[in-house]
Amino acid sequence: WNDAEHARAPRRASSTAPRASRGFPARARAAYAARVQPPTRHGARAFHLVAVAIACALAWLAPERAFAADDARSLEAAHMRAEFEKLGPGDDGRVAIANVPEALQGFLRIADADRDGAIELDEFTDFQRDPVGAGRLPLPVSVTFLPYIAYAGTDHSRQQLDVYLPRDRRDGERLPVVAYVHGGAWNMGSRAMARASVVPLVASGDYAAVSIGYRLSWQATWPAQIHDLKAALRWVRAHADDYGFDPDRVCAMGASAGGHLVAALGTTNGVAEVEGALGAHTGERSDVQCVVDFFGPTDLRAPPPAACRRW
C-alpha cells in the first residue's frame, strides 16, 4: 500500500513469529525460538523427509491459492483503472485537476504527489488506498509493526490485519487493544490509514493496536464488511496469549465509513445474525468493550450532503 514498511515486510507475517526481544510476551518468544531451533543430528534425516513431504504438499496446493490471491489483486487493479478512466484522462494518460468537477478538485490535489496539477494512474491508485497519506508516516523505534496477517483463513488482501506493539513492555503484561477500522466511503482506503491514530497510543506503552482490513463495497456487499471485522476480532482473542492482548479490553475505533462500522460493531455485541462464520476461531467472542466513532454516518436513509451529490 505504498508503504516502505509494508514493502519490506514478509508477505506471510501470519506464520512468522516476532524476533525474540523483551518487547514481546514470553510465549511469543518461546514459540519463535521453538520454530527456529535446528534439528538434532539424530533427527536430521527424519526432519528432512518430513520437510520434503510438506513441501510437496504445499507445491500441490499453492497454485490454486496463489491464483486466488493474484486474481483478487488483478480485480482491484482493474477497478482502480476503471475509476480513473471515469475522470477522463487525456492522450498522455493524465487528468488535469482543473478539468474535473469542483467537488473533486480538493481530493485530487491531495493525490497529486508531484504537484504538477495533473493526476496519473499511480497517483490516483495511491490516493484510493491511503487518501490521507498516513501510511507514509515514519514508525518510531518504540513501536513494532507486524503487517499482512490473514485473519479469515483466506489469501484475500483485504482480509488481513496489521499488529502494532510497544517494543518495551513487562513480560506477562496484558495490554488493551485498539482495533482500528479505516474509512473511505466503504469503497476505498486501506489498513495503512490507521498509523496516525494508533501509533501515538502504542508508543505510550499502554496499548496494543490492530488495523483491520475488510472487503470493500464493490468487492462484497453488506453484511460482508461486519462479518470480516468480527472474524478479525475473534482472531485477536484467539491470539491474545501470543501478542499479550487483553481479551477483555478491546476498543473499536474508526473514522467516517470506519466510524459507521465500529458503531455497528458496538451495537451488535452478541447478535448472531451478523456474526458470520469466517475464519478458524468461530468459538471466540467478537464483542467490543468500547467504541470511538469519528464522524461516522449513522442514518444512511438521510440524503447525502450537497458536495457528495455533485460528485
Side-chain angles (χ1 to χ4, degrees), residues 1 83 103-104 106-107 110-111 127-135 137 151-152 158-164 176-202 207-236 249-276 278 285-311:
W1 301 125
E83 292 298 304
L104 284 177
F107 294 104
I110 298 173
F127 175 75
Q128 287 278 312
R129 290 172 172 164
D130 186 6
V132 296
L137 297 175
Y151 62 75
R158 292 287 177 175
Q159 291 177 316
Q160 295 177 343
L161 57 80
D162 301 334
V163 174
Y164 295 81
V177 182
V178 176
Y180 191 91
V181 180
H182 69 80
W186 305 279
N187 68 3
M188 61 185 289
S190 71
R191 305 185 308 275
M193 295 169 66
R195 184 168 292 190
S197 297
V198 304
V199 164
L201 298 173
V202 176
Y207 300 91
V210 294
S211 179
I212 304 173
Y214 56 90
R215 287 169 292 172
L216 303 178
S217 58
W218 56 270
Q219 295 172 315
T221 56
W222 181 268
Q225 290 72 34
I226 198 161
H227 286 173
D228 286 355
L229 298 179
K230 286 179 177 287
L233 291 171
R234 293 194 295 268
W235 182 94
V236 166
R249 291 187 293 169
V250 178
C251 167
M253 176 189 292
S256 191
H260 162 263
L261 291 172
V262 299
L265 285 174
T267 53
T268 58
N269 281 349
V271 178
E273 290 79 5
V274 293
E275 189 68 26
L278 292 173
R285 303 182 347 255
S286 66
D287 56 295
V288 296
Q289 287 67 55
C290 169
V291 167
V292 180
D293 172 1
F294 292 103
F295 53 90
T298 54
D299 185 359
L300 300 185
R301 300 167 299 177
C308 293
R309 291 199 296 273
R310 288 198 302 273
W311 187 346

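Note that the structure is a prediction, hence the values are computed from the model and not measured.
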Least distance between heavy atoms, Ser286 atom then Glu275 atom: OG-OE2, 2.7 Å

Heavy-atom pair of closest approach, residues Ala257 and Pro297: N-CD, 4.4 Å

Euclidean distance, Ile212 CD1 relative to Leu233 CG, rounded to 0.5 Å: 5.0 Å

Student check: side-chain heavy atoms of Tyr151 and Asp228 closer than 4.5 Å: yes

Note, Gln219 side chain near Arg158 side chain (heavy atom, < 4.5 Å): yes

Within-4.5 Å side-chain heavy-atom neighbours: His182 and Ser256: no

Ring geometry between Trp186 and His260 (parallel below 30°, tilted from 30 to 60°, perpendicular above 60°): perpendicular

Close side-chain approach of Asp130 and Val132, heavy atoms under 4.5 Å: yes

Tyr207 side, atom OH; Arg249 side, atom CZ - distance, nearest 0.5 Å: 8.5 Å

Distance in Å, Ser217 OG paired with Arg215 CZ, rounded so as to fall on 0.5 Å steps: 12.0 Å

Closest approach of Met253 to Leu201 (non-hydrogen atoms, all atoms of both residues): CE-CD1, 4.1 Å

Check: Trp235 side chain, Ala152 main-chain N or O, donor-acceptor pair, under 3.5 Å: no

Ser197 OG to Tyr180 OH distance, which is reported to the nearest 0.5 Å: 4.0 Å

Any Cys251 side-chain heavy atom under 4.5 Å of Gln289 side chain: no

Under 3.5 Å donor-acceptor, Asn269 side chain and Val288 backbone: yes

Beyond-backbone contact of Ile226 with Leu265, side-chain heavy atoms, under 4.5 angstrom: yes

Result of checking Thr268, Leu278, Val271 against Lys230 for side-chain contact (heavy atoms from CB on, under 4.5 Å): Thr268

Aromatic centroids of Tyr214 and His227 separated by under 6.0 Å: no

Atom pair OG (Ser190) and CZ (Arg129), whose distance is rounded to the nearest 0.5 Å: 8.0 Å

Pairwise side-chain contact, Met193 with Pro131, heavy-atom cut-off 4.5 Å (strictly under): yes

Side chain Arg191, main chain Val210, donor-acceptor under 3.5 Å: no

Audit row: Arg234, Leu229, side chain to side chain contact (heavy atoms under 4.5 Å, CB included) steps and yes/no: CA-CA 9 Å; Arg234 293 194 295 268; Leu229 298 179; over 6 Å; no

With Arg285 via salt bridge (charged side-chain N to carboxylate O under 4.0 Å, His left out) - residues at least two apart: Asp248, Asp287

Closest non-hydrogen atom pair between Ala134 and Ala192, with its separation: CB-O, 3.7 Å

